[in-house]
Amino acid sequence: MTDIYGYAAAAPLYRAAGWMQVIPLPEGRKTPPPSGFTGRSRKPVTDEQVQAWSQATPNANTGIVIPEGVLVLDIDAEQGHRVKADGAKGISELSQELGALPATWSSTSHGIDSPARHLFYKVPEGLAWKGGAIEGVDILQPGHRYSVVWPSIHPSGEMYCWYTPSGAFASTLPHISDLATLPWKWVDYLRKPDNMSNPKELKCSNSNTLTPSNPREYDDRMCKAVNTFLNKTLANPASKGSRHDTTLQAVWALVNFAQEGHRGALDAISQLKPRFIAEVAPDRQGKEREAAREWASILSGAMEKVNGVQAHADPCGQSKIERMTPGEFNELTQNTIASQMVESYPQQVQNVGTTPVQTGSTTASQVQNGSTESYEANKTSSSWRFEDLTQLASGIELPPTPTVFQREDGQGLFYRGAVNDLHGEPGCGKSMIAQIAAAQELKQNHDVIYIDYEDSARNVVKRLLLLGVAGEQIVAHFHYVRPSAKPSSPTSLDGWRETLDYADTATLAVIDGVTSCLAYAGLDSNSGDDIAAWYNTMPRLISACGPAVVLIDHVVKSKDNRGRYAGGSMQKLALIDGISYSVDMTKPVGKGVRGTIVIKSGKDRISEIEEHCAVSWSGNGSHLREAARIEINSTNPKLMHVTIARPNMMPSEDRQAKRDNFRPTGLMERISRMLEDSLEEPNQSELFKALKEDGSGARTAVMSKAVSLLLQEGFVSNRSGRNNRSIFKSVRPYRQIDDPKSDAYVDRMSREEASELDDENHLEI
């Protein structure tokens, strides 16, 4: 990272690591931030906005606005802030009372030995925080302040740097999931008391102040769950950061309550409407009319998320609801769908995270008792009970070992009893890999479940036959379904029960098309709440029965903004309790050719596979390690030969060697085509400007490298032009497909042979 400088180069790296609200700051300064992108009512930073800022101020300092779920302690040291108290000393004294702060990622421009720094922690979402811990220690929180970070330059001239939890200089960026969790004693100390959470108290029609300690009167039209939830919402109408966001989640939860049969849920929504309009209208340009349109949008969006028919029995008539804790406000939007599954299939829900998947092994969530992952996996259980840790502590029960989808050296790549995932661009071979894994299991007469939202049974069975699976094995052991509704809908319940029955004996279960599956369930792939609800009511119910669940998902379009997880919410990575793979096709796969698909590990929750991956990470700060190279030979039209090879286990060459060998073939072809089509001979500045206007985000150094290679290899020539500037023209076309050093090179067949392939018979990936 030492060769990276400025906002334009750093912003894509931060966004790939989950820090989406990355803003530019004046070069060499901390302020001012761009207007409208900080504070509670901040606008989201989009890809287009990042590109605009990068072009306007490429060398600007970089700041990250603190996201929900993260809190930063800004510790001042006496030597750095003479006029302030010594925050480092104060935090040390506070640790005597609250316990030591866990080691975590930190940022400072004062050097490795200075205690003055920003400490980054994960915290629960939706809480209100104090402005500071003690004198000399401020709190950076969502909606309040931002952190100036690497590669920014401090006004003193020093560069900001990241440091790992061990205190060492970091050569990579921290992902949000890498941060340490702030202990609960510290959370309780730093959060605002409940009566301070909402400075603008909501007035009821009778002019009495509505607070958690002074709730509205019990409404007999509503069941106890709805009354309690409505009280919580009205008492703290901006608990999610703004009235809009809080009302949005509240309306969605109440619509789901109505779907489940809770009495009075729609009456509660009607009570929210006038209060919402009255509260937000003064802040809207169009006043009440604009606020009414905003309400209509919130309600219609919530209604679109609900499928199926309303239940007839009020759940409150069957279970006692005594009270709700603050944390349950967040759980409502996650668990309303889960509660339908409890009624439909209670045994499987109760067993999530508690049923061994095979003799001598347990699910990952069993081992991680007390962790966030274990809590997520068990929160749909019908009761709260502590687990017996005797066998775990004695080493009798161990985490599951990967046994599904084996490499040629026998190393398995998917965990049974856990949720794994494959994500990549369309056409990169994700479904092909899942079907190769399925073929391995079917050849051993193991049951396989394939839940398909993307393809058809005809194409999937055709590929299994090409992979050498016998027809009898497919009929007896391959359980294929193509759903068109969520499992809890009345038309799907019988099929869902059958799926869970098959899962008891299956070794592999594939869900092909996470985005489509979420859409059928009325859920949003960009919502962390929706993702958590779906994981706990579909993938984890299946994995609890024993098979390796493999999710097939897409990535975001922009390569610069990709992280280690699939497109959408970061919850997709956080909730994986097996292993997550990024999929990349390095050589084309299809009829008549020999292709290669590479899978790289982005997260290995159980850590049984990571040690068998490549020694070093992939480039570009991706934190990905190669796990296998899948060689697919389709030159025989009747049989596909597959080799699942080990990765390159040798350490990668040093940074300088990588830089010397770097070959931007895509950019080289782009420049070649521009020069071929150009009516005039451009100079370097004109050429680089045209590339940027055409959407290229390449750095100047990379563009210079591409031009230099084209000159060296005779594809482009140059001569002296105006003001002794070199001007360029095309000598002969450069194409990646003809370049043996390019990943796009087709080395098994000629261009003419490729063009003669019948598209209809071409093997789809």
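Values in this document were obtained by computation on a predicted structure and should not be read as measured data. In what follows, residues are counted from 1 in the order of the sequence shown.
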_Minimum heavy-atom distance between T537 and W496, given as atom pair plus value_ = O-CZ2, 3.7 Å
*Please tell me if the side chains of F478 and V469 come closer than 4.5 Å, counting only heavy atoms from C-beta onward.*
no
*From CA spacing to verdict: side chain to side chain contact (heavy atoms under 4.5 Å, CB included), V550, I433*: CA-CA 10 Å; V550 176; I433 292 173; over 6 Å; no
*Polar side-chain atom of W534 near backbone of P539 as donor-acceptor pair, under 3.5 Å*: no
*Drop me the distance from D178's CG to L173's CG, to the nearest 0.5 angstrom.*
10.0 Å
*Do any N or O atoms from the side chain of Q440 and from the backbone of Q406 form a donor-acceptor pair under 3.5 angstrom?*
yes
_Suppose we screen for side-chain contact (heavy atoms from CB on, under 4.5 Å). Which residues come up paired with E472, at least two apart in sequence or across chains?_
A470
_Minimal non-hydrogen separation, L464 against Q435, with atom names_ = CD2-O, 3.6 Å
*Start with the C-alpha distance between M668 and E713, add both sets of side-chain angles, then the distance that settles side chain to side chain contact (heavy atoms under 4.5 Å, CB included), and finish with yes or no.*
CA-CA 11 Å; M668 290 168 66; E713 297 171 13; 4.3 Å; yes
*side chain to side chain contact (heavy atoms under 4.5 Å, CB included) assessment of Y535 paired with I576*: CA-CA 9 Å; Y535 262 82; I576 293 291; 3.5 Å; yes
*If you measure from CZ on F405 to CD1 on I644, what distance do you get to the nearest 0.5 Å?*
4.0 Å
*Enter the distance from L422:CG to K430:NZ here, rounded to the nearest 0.5 Å.*
9.0 Å
_Contact summary for I671 and A706, nearest pair of heavy atoms_ = CD1-CB, 3.8 Å
_Residue pair R15 / D47, side-chain heavy-atom distance below 4.5 Å_ = yes
*asked:* Measuring only between side-chain heavy atoms, which start at C-beta, is L711 closer than 4.5 Å to F728?
replied: yes
*asked:* Show the nearest heavy-atom pair for residues E610 and S601, with the distance to one decimal.
replied: OE1-OG, 3.1 Å
*Does E608 pair with R416 as a salt bridge, N-O distance under 4.0 Å?*
no
*For I531, which of V514, L575, N536 qualifies under side-chain contact (heavy atoms from CB on, under 4.5 Å)?*
L575
*Is there a side-chain contact between E425 and M585 (heavy atoms, below 4.5 Å)?*
no
*Does a donor on one side chain and an acceptor on the other come within less than 3.5 Å for E611 and S607?*
no
_Under a 3.5 Å cutoff, is there a donor and acceptor pairing between the side chains of E454 and S516?_
yes
*Partner of Y502 under ring-ring contact (aromatic ring centres under 6.0 Å, His included), chosen from H479, H446, H477*: H479
*Distance-only side-chain donor-acceptor flag, Y450 / D512, under 3.5 Å*: yes
*Step by step, work out the side chain to side chain donor-acceptor pair (under 3.5 Å) result for S708 and Q712.*
CA-CA 6 Å; S708 176; Q712 292 173 23; 3.0 Å; yes
*By side-chain contact (heavy atoms from CB on, under 4.5 Å), which residues pair with D694, not counting sequence neighbours?*
R670, M674
*Taking the side chain as every heavy atom from C-beta outward, state whether P647 and R407 have any atom pair closer than 4.5 Å.*
yes
*Just by distance, do the side chain of N636 and the backbone of K638 share a donor-acceptor pair under 3.5 Å?*
yes
_Side chains of V716 and Y734, heavy atoms from C-beta outward: is any pair under 4.5 Å?_
no
_side chain to side chain contact (heavy atoms under 4.5 Å, CB included) between H423 and S582, intermediate numbers included_ = CA-CA 5 Å; H423 58 270; S582 174; 3.9 Å; yes
_One thing to verify: whether D604 and R625 come together as a salt bridge, which I'm taking to mean a side-chain N less than 4.0 angstrom from a carboxylate O._
no
*Enter the distance from T665:OG1 to I737:CD1 here, rounded to the nearest 0.5 Å.*
12.0 Å
_Donor-acceptor contact present, side-chain K443 to main-chain L467, <3.5 Å_ = yes
*CG/D553 to CD1/I511 distance, rounded to the nearest 0.5 angstrom?*
10.5 Å
*asked:* To check you understand the geometry: which heavy-atom pair defines the closest contact between N420 and G578, and what is its length?
replied: OD1-CA, 3.7 Å
_Is any side-chain heavy atom of L413 closer than 4.5 Å to one of I579?_
no
*What are the two closest non-hydrogen atoms of I542 and A509, and how far apart are they?*
CG2-CB, 3.8 Å
_Can you tell me how far apart NE2 (H612) and CD (Q411) are? Round to the nearest 0.5 Å._
4.0 Å
*Would you say R663 and D739 make side-chain contact, with heavy atoms under 4.5 Å?*
yes
*asked:* Please enumerate all residues that pass side-chain hydrogen bond (donor to acceptor under 3.5 Å, both in side chains) together with N633, with sequence neighbours excluded.
replied: T635
_Taking E669's backbone N and O only, do any of them form a donor-acceptor pair with R735's side chain (distance below 3.5 Å, no angle check)?_
no
_Polar side chain donor-acceptor pair, S672 to E676, under 3.5 angstrom_ = yes
